[in-house]
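Right, one structure below, let's go through it.
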Amino acid sequence: MTREEVLSAFREAGAILEGHFILSSGLRSPVFIQKARVFMYPDKTERLCRALADRIRAAGLGDIDYVISPALGGLIPGYETARHLGVPAMWVEREEGEFRLRRFEMEKGARVVIVEDIVTTGLSSRETVEALRALGATVLAVACLIDRSAGEADPGAPLISLCDFKVPAYAADDLPPELAAIPAVKPGSRGLS
Ligand SMILES: O=P(O)(O)OC[C@H]1O[C@H](OP(=O)(O)OP(=O)(O)O)[C@H](O)[C@@H]1O
Ligand SMILES: O=C(O)c1cc(=O)[nH]c(=O)[nH]1
Ligand SMILES: [Mg+2]
C-alpha cells in the first residue's frame with residue numbers, strides 16, 4: 001500500500017480528528033488518529049495489516065515465534081498482522097502502570113515482533129520492548145501502521161512502519177495560543193484506572 005492509500009483508509013473511516021488532544025506521552029497535539037475507527041472495519045484492517053505483514057516479511061528477520069502488542073491500541077492490528085504472518089498473537093497490558101504479559105506464557109529466547117498501531121515518541125513501544133526483554137525474549141523489530149515521528153522516535157528496536165504521518169506535538173507548557181484556547185481531551189488508555 002502506498003502512503004496515500006494508507007492515509008485514505010484512515011480518512012475514509014473518519015479516524016483523523018482535529019482538536020486539542022493529550023497524547024500517551026503527555027504531549028499535546030491538534031491532530032489525533034483515532035485508530036479504533038479504522039479497526040471497526042475488518043476489510044480496512046485486513047488490508048492495512050496484510051501490507052504491514054508484507055513489510056515485516058521483507059525485512060528478513062528470520063523466524064518469528066510471536067507477534068506481541070501493547071494494549072489497547074495494538075490488540076487488533078497485532079492479531080490481524082499475526083494472522084497474515086501465520087504466527088500466534090499475544091499482548092501486554094498495564095498492571096500497576098507497567099506493561100505485563102499477564103495472560104500468556106512465553107518461552108525464554110522467543111523471537112518476537114512487536115506490533116503497535118501508532119508510534120509518536122516511541123515510549124510505549126520501548127516499554128513493551130523492555131518488558132519482553134526482561135522475560136528473555138529476542139525482540140526483532142517494532143512494526144507500526146503509522147509513525148507520527150517520521151523516523152525520529154526511538155522505539156528500542158528497529159522500526160518498520162507502514163506510513164509516516166508527521167503532525168505537530170507540543171509540551172503542555174508550550175502550547176500555541178490557538179491550541180491553548182480549546183479544552184484538551186485524552187482519548188488513549190494510559191493512566192486510566
Ligand atoms: O509512541 P508513544 O508516544 O508512546 O505514543 C503511541 C502510543 O499511544 C497510544 O496508546 P495509548 O497509551 O494512548 O493507549 P491506547 O493503546 O489504549 O490507545 C498508541 O496506541 C501507542 O501505544
Ligand atoms: O501519541 C499518542 O498517544 C497517539 C497519537 C495518535 O494520533 N493516536 C493515538 O491513538 N495515540
Ligand atoms: Mg497504545
Side-chain angles (χ1 to χ4, degrees), residues 3 6-41 44-45 48-49 52 67-81 89-103 112-132 139 141-172 174-175 179 182 184-193:
R3 178 174 186 278
V6 174
L7 293 179
S8 293
F10 279 82
R11 282 198 197 99
E12 282 163 20
I16 303 191
L17 310 182
E18 290 179 14
H20 179 183
F21 302 98
I22 305 175
L23 305 182
S24 182
S25 53
L27 292 174
R28 307 297 186 90
S29 180
V31 176
F32 190 81
I33 303 162
Q34 182 46 277
K35 64 276 173 140
R37 296 201 183 165
V38 172
F39 302 151
M40 280 172 67
Y41 301 102
K44 283 189 171 40
T45 307
L48 290 163
C49 294
L52 187 61
V67 162
I68 305 186
S69 297
L72 209 133
L75 277 187
I76 292 174
Y79 174 86
E80 183 64 12
T81 305
M90 303 196 279
W91 64 85
V92 294
E93 60 198 294
R94 290 195 191 277
E95 190 177 46
E96 295 168 353
E98 284 182 21
F99 279 133
R100 296 196 183 139
L101 198 63
R102 291 184 59 228
R103 302 171 199 243
V112 309
V113 171
I114 291 167
V115 170
E116 255 289 22
D117 45 350
I118 289 156
V119 165
T120 300
T121 64
L123 177 61
S124 308
S125 305
R126 261 193 329 274
E127 289 173 336
T128 308
V129 169
E130 281 159 19
L132 297 175
V139 180
V142 171
C144 67
L145 294 175
I146 294 193
D147 175 10
R148 285 184 50 138
S149 84
E152 281 169 28
D154 173 15
L159 182 63
I160 298 168
S161 78
L162 190 57
C163 174
D164 285 352
F165 185 59
K166 187 96 172 96
V167 276
Y170 306 93
D174 192 22
L175 297 182
L179 203 54
I182 309 172
V185 293
K186 184 174 182 304
S189 67
R190 182 197 284 268
L192 290 184
S193 53

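Every value quoted in this text rests on a predicted model; they were computed, and no experiment measured them. Along the sequence shown, the residues carry numbers beginning at 1. Whatever order the structure lists them in is the order used to number ligands and atoms, beginning at 1.
- Considering backbone and side-chain N/O atoms, Leu72 comes within less than 3.5 Å of an N/O atom of ligand 1.
- Atom 12 (O) of ligand 1 has its closest protein heavy atom at Ser24 OG, 2.8 Å.
- Remark: ligand 1 and Arg94 share no N or O pair separated by less than 3.5 Å (distance only, no angle test).
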Candidate pair Leu123 and Ser24, rule side chain to side chain contact (heavy atoms under 4.5 Å, CB included), full reasoning
CA-CA 9 Å; Leu123 177 61; Ser24 182; over 6 Å; no
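- Under 4.0 Å from ligand 2, the heavy atoms of Arg148 that appear belong solely to its side chain.
- In terms of polar-atom proximity, Lys35 is counted as a contact of ligand 2, with an N or O under 3.5 Å from an N or O of the ligand.
- Nearest non-hydrogen protein atom to atom 11 (N) of ligand 2 is Phe32 CE1, 3.4 Å.
- The closest side-chain heavy-atom distance from Tyr170 to Leu27 is not below 4.5 Å.
- Contact annotation: Gly122 has at least one heavy atom less than 4.0 Å from an atom of ligand 1.
- At the shortest separation from atom 6 (C) of ligand 1 among protein heavy atoms lies Ile118 O, 3.2 Å.
- Of the protein's non-hydrogen atoms, Ser124 OG, 3.5 Å is the one closest to atom 7 (C) of ligand 1.
- Those atoms of ligand 1 with a heavy atom of Ser25 less than 4.0 angstrom away are 3 (O).
- More than 12 non-hydrogen atoms from other residues, nucleotides or ligands lie less than 6.0 angstrom from CD of Glu95.
- Rounding to the nearest 0.5 angstrom, the gap separating the CZ atom in Arg3 from the CD1 atom in Ile146 is 9.0 Å.
- Heavy atoms of other residues, nucleotides or ligands lying less than 6.0 angstrom from CZ of Phe32 number more than 12.
- For ligand 1, the atoms sitting less than 4.0 Å from at least one non-hydrogen atom of Thr121 are 1 (O), 2 (P), 3 (O), 4 (O), numbered in the order shown with element in parentheses.
- Close contacts between ligand 1 and Gly73 involve ligand atoms 15 (P), 16 (O), 17 (O) [criterion: under 4.0 Å to a heavy atom].
- Closest to atom 14 (O) of ligand 1 by heavy atom, among Pro155, Pro77, Ser189, is Ser189.
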Between Phe165 and Val6, does the side chain to side chain contact (heavy atoms under 4.5 Å, CB included) criterion hold? Intermediate values first, please.
CA-CA 10 Å; Phe165 185 59; Val6 174; over 6 Å; no
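- Separation of atoms NZ (Lys35) and CG (Leu72) is listed at 8.0 Å; rounding is to 0.5 Å.
- Close N/O approach between Asp117 and ligand 2 is not found [any backbone or side-chain N/O within under 3.5 Å].
- Without hydrogens or angle criteria, Arg94 side chain to Arg190 main chain gives no donor-acceptor distance under 3.5 Å.
- The CD atom of Glu93 lies 12.0 Å from the OG atom of Ser69; values are rounded to the nearest 0.5 Å.
- Not one N or O of Pro70 is nearer than 3.5 Å to an N or O of ligand 1, by distance alone.
- Those atoms of ligand 1 with a heavy atom of Arg190 less than 4.0 angstrom away are 12 (O), 14 (O).
- Below 3.5 Å of separation, one finds no N or O of Leu23 facing any N or O of ligand 2.
- Within the listing of ligand 1, atoms 9 (C), 15 (P), 18 (O), 19 (C), 20 (O) sit less than 4.0 angstrom from a heavy atom of Lys35.
- Phe10 places none of its side-chain heavy atoms less than 4.5 Å from the side chain of Lys44.
- Scanning the protein for heavy atoms near atom 3 (O) of ligand 2, the closest one is Ser24 N, 2.8 Å.
- Inter-residue side-chain proximity for Arg37 and Leu17 is flagged as met; some heavy-atom pair is nearer than 4.5 Å.
- The protein atom (non-hydrogen) at minimum distance from atom 8 (N) of ligand 2 is Ile33 O, 2.9 Å.
- Within the 4.0 Å heavy-atom shell around ligand 1 one does not find Arg126.
- On a distance-only criterion, Glu116 and ligand 1 share at least one N/O pair closer than 3.5 Å.
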Please evaluate residues Phe99 and Ile68 with respect to the criterion side chain to side chain contact (heavy atoms under 4.5 Å, CB included), reporting the C-alpha separation (whole Å), side-chain torsions for both, the decisive distance (0.1 Å), and the verdict.
CA-CA 11 Å; Phe99 279 133; Ile68 305 186; over 6 Å; no
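- Per-residue contacts place Leu123 under 4.0 angstrom from the following atoms of ligand 1 (heavy atoms of the residue considered): 1 (O), 2 (P), 4 (O).
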After noting the C-alpha distance and the side-chain angles of Leu7 and Cys163, does the key distance pass the side chain to side chain contact (heavy atoms under 4.5 Å, CB included) rule?
CA-CA 8 Å; Leu7 293 179; Cys163 174; 3.8 Å; yes
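- Of the protein's non-hydrogen atoms, Thr120 OG1, 2.6 Å is the one closest to atom 1 (O) of ligand 2.
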Test Ser29 against Arg148 for side chain to side chain donor-acceptor pair (under 3.5 Å), laying out the working first.
CA-CA 11 Å; Ser29 180; Arg148 285 184 50 138; 2.9 Å; yes
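- Put simply, the side chain of Arg28 reaches to within 4.5 Å of the side chain of Ile22, judged on heavy atoms.
- Residue contacts with ligand 1, taken as heavy atom pairs separated by less than 4.0 Å, involve Asp117 solely via side-chain atoms from C-beta onward.
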